[in-house]
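Worksheet: one structure, shown below.
Chain A is the first sequence line, chain B the second, and so forth, proteins listed ahead of strands; every chain is numbered from 1. None of the values given here were measured: they were computed from a predicted structure.
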Number of protein chains: 2
Amino acid sequence: MNAKTRQRRPAFDREAGVAIAQALFHERGYDAVSLADLTQAMDIKPPSFYAAYGSKAALFERAMLRYAQENALPLDELLAPDRPPAEALPALLLAAAEQYGRDSVLRGCMITEGMRADDPAARRMAESLASGGLQAIRAYLDQVHPQDAESLADYVSVTLRGLSASACHGMPYERLTQVARTAGLLIAHELEADEPTTAS
Amino acid sequence: MNAKTRQRRPAFDREAGVAIAQALFHERGYDAVSLADLTQAMDIKPPSFYAAYGSKAALFERAMLRYAQENALPLDELLAPDRPPAEALPALLLAAAEQYGRDSVLRGCMITEGMRADDPAARRMAESLASGGLQAIRAYLDQVHPQDAESLADYVSVTLRGLSASACHGMPYERLTQVARTAGLLIAHELEADEPTTAS
DNA sequence: ACTTCTATATATCGACCGCTAAATAAAGTG
DNA sequence: CACTTTATTTAGCGGTCGATATATAGAAGT
C-alpha cells in the first residue's frame, strides 16, 4: 500500500509548552501571537494544543501566572512596612526598570502590557493579575504615608507603565534605569523635604 | 421587470470620513478597527473606501495627521527657549494629562498609542509622527539645561507614555492631572535646588 | 496478547481579515 | 440629447483567525 502509516510522536511536555508560550506572548503580546505561531513553536498540532490548554486565552493566563511566579518583583521586601518610602519607592522603580530592560527580546512587563490586549478576556486576566501589585503599593503607602497615598500610588503606577511601554519600544537598559533613578531621586527629595521628622 | 434598479447615493464626504476614522482609531487602536467597522461607520462600501483612501494604513496616517493638527500640544509655546525648564516641563506634563483625559471616550495620545500597533507600517507612521515631538523636547533641553538633557528628556518621555497608557486604561481626569502636577512639582523642586543661579 | 483509554494526526470548519474585479448609476461635457 | 468619466454597487477573492470532528497510534491495565 502507499499508506505512509501516519507517525505519532510521544506526548509533549505541557509545562515546557507554557514556557514557550510565555516567551512568545511576552515578546509580541497576546493578539500578535497566533495559534499557528504557538503550535509551530511547540511542535504540536492544534488538537493537541486544545486538549492540553483549552484555549489560547487559557494558555495566556497560565503563561502570565508562570511569568508572575518567575519574575514578580519582591514587593513584600521592597515595600516592607518598616522601610521609609523615600527609600522603598526608588528601590521599587529601579528594580522594575532593571527587569523591564534586562532581556533584549523579552522587554517590559508581560502583565502590564497584557492589559492592553484587544481580546477582552485576555485583558481582564492581565488586569486581575496586575491589581494585586497595585494594591500592595497602595496598602504600603496607606500605612507609611497616608496623607497622599493615592497621589503617590498613582505617580508610581504611571511611572511603571511608562517604563514598561518605553522598554517595549526599545529604550536601552541604561536609559531605562536612569529614568527610574531620576524618578526615585525626585520622590526621595520631596519626601525628605516634606517630613524630615523621622528623628527627634 | 423584477429589477430593483440598484440605488446609488451621491459621493460621500472624504474629509468627514477621515474624521470618523480618526475617532475610531483613537478609541480602539489601529488593529482593533476593521475595514467593516470603518465602512459601516462611514456608510460606504469597501470599493468606495479604497478608491478614496487607498488602504487602511493610508487612512490611519491621514487620521493621525488630522489628530496632530487638531490636538497637538503647542510645544513651541510650552517649550519657548526663554522659559525656564522648572516652569516649562510641568506645564507640558499638565497640558498632556489634561488632553489625554479630557474626552471620556477618546483617551490617551492617539500617536503614542499608535506606536504600539501590531501592523509594522502603522507603527512606523506613528513613530515618525511622534519623533517630532520628542525631538522638540530634546532640542529645548539641549538649549536650556544641557548638563542632563537626555536624562530629563527620557524622564519626560516615560512620564508622557505612562500618562497616555493610564488614560487609555481609564484613570480619571482628576487623578491623571494630579499625577502630572506631582511629576511637575518634583522636577521643578529638583531643578530649582540644583541651580538657583539664574540671577547674579 | 487483547482491550481500553488517552493523546495525537489529518483535514477541515465557519467567521472574519484586508482588498478587488466587474457591472452600473450619477455627474460632467459637447 | 449622446457620450465619457467617475464613483458607487454587488459579489467575492485568497488568506488567516481560533477552534474541532473524525480517525488512529501509542500507553496502560488485565
- prompt: Closer than 4.0 Å, any side-chain N/O of Ser34(B) to the OP1 or OP2 of dC17(C)?
  reply: yes
Phe49(A) or Ala57(B), whichever maps to the more 5' nucleotide of DNA chain C: Phe49(A)
query: Starting at CD of Gln40(A) and ending at P of dC17(D), how long is that distance when rounded to a whole Å?
result: 11 Å
Gap between atoms CG and P, on Leu38(B) and dC17(C) respectively (whole Å): 10 Å
query: Picking from dC19(C), dT8(C), dA19(D), which would you name as closest to the side chain of Leu35(A)?
result: dA19(D)
task: Please state whether the phosphate of dC19(C), meaning OP1 or OP2, lies under 4.0 angstrom from any side-chain nitrogen or oxygen of Tyr50(B).
output: yes
query: Between dG18(D), dA21(C), dT10(C), which one does the side chain of Pro47(B) approach most closely?
result: dA21(C)
Distance in Å, Arg14(A) CZ paired with Met42(A) CE, rounded so as to fall on 0.5 Å steps: 10.5 Å
- request: Report the distance from atom CG of Asp118(B) to atom P of dC17(C), rounded to the nearest whole Å.
  value: 15 Å
query: Under a 4.0 Å N-O cut-off, is there an ion pair linking Arg28(B) with Asp37(B)?
result: yes
message: Assess whether a salt bridge exists between Glu61(B) and Arg124(B), defined as any Lys/Arg side-chain N lying under 4.0 Å from an Asp/Glu carboxylate O.
response: no
message: Can you see if the side chain of Ser48(A) gets near the phosphate of dT8(C) - specifically, an N or O under 4.0 Å from OP1 or OP2?
response: yes
- request: Fit a plane to each ring of Phe25(A) and Tyr30(A), take the angle between them on a 0 to 90° scale, and name the class: parallel (under 30°), tilted (30 to 60°) or perpendicular (over 60°).
  value: parallel
- request: Rounded to the nearest angstrom, tell me the gap between atom CD1 in Ile44(B) and atom C1' in dT8(D).
  value: 10 Å
field: Ser157(A)/Ile137(A) under side chain to side chain contact (heavy atoms under 4.5 Å, CB included): CA gap, chis, key distance, verdict
entry: CA-CA 9 Å; Ser157(A) 160; Ile137(A) 296 173; over 6 Å; no
Between C1' of dC17(D) and CG of Asp119(A), the distance in whole Å: 12 Å
- request: Give a yes/no on whether any side-chain N or O of Lys45(B) is located under 4.0 angstrom from OP1 or OP2 of dT9(D).
  value: no
message: Rounded to whole Å, please give me the gap between CG in Asp13(B) and C1' in dA7(D).
response: 15 Å
message: Assuming nearest nucleotide by heavy-atom distance, tell me which of Gly54(A) and Asp37(A) is located more 5' along DNA chain D.
response: Asp37(A)
- prompt: dT20(D) P sits how many Å from Lys56(A) NZ, rounded?
  reply: 15 Å
message: Looking only at the side chain of Ser55(B) (C-beta and beyond, no hydrogens), which of the listed nucleotides dA11(C), dT8(D), dC19(C) gets closest?
response: dC19(C)
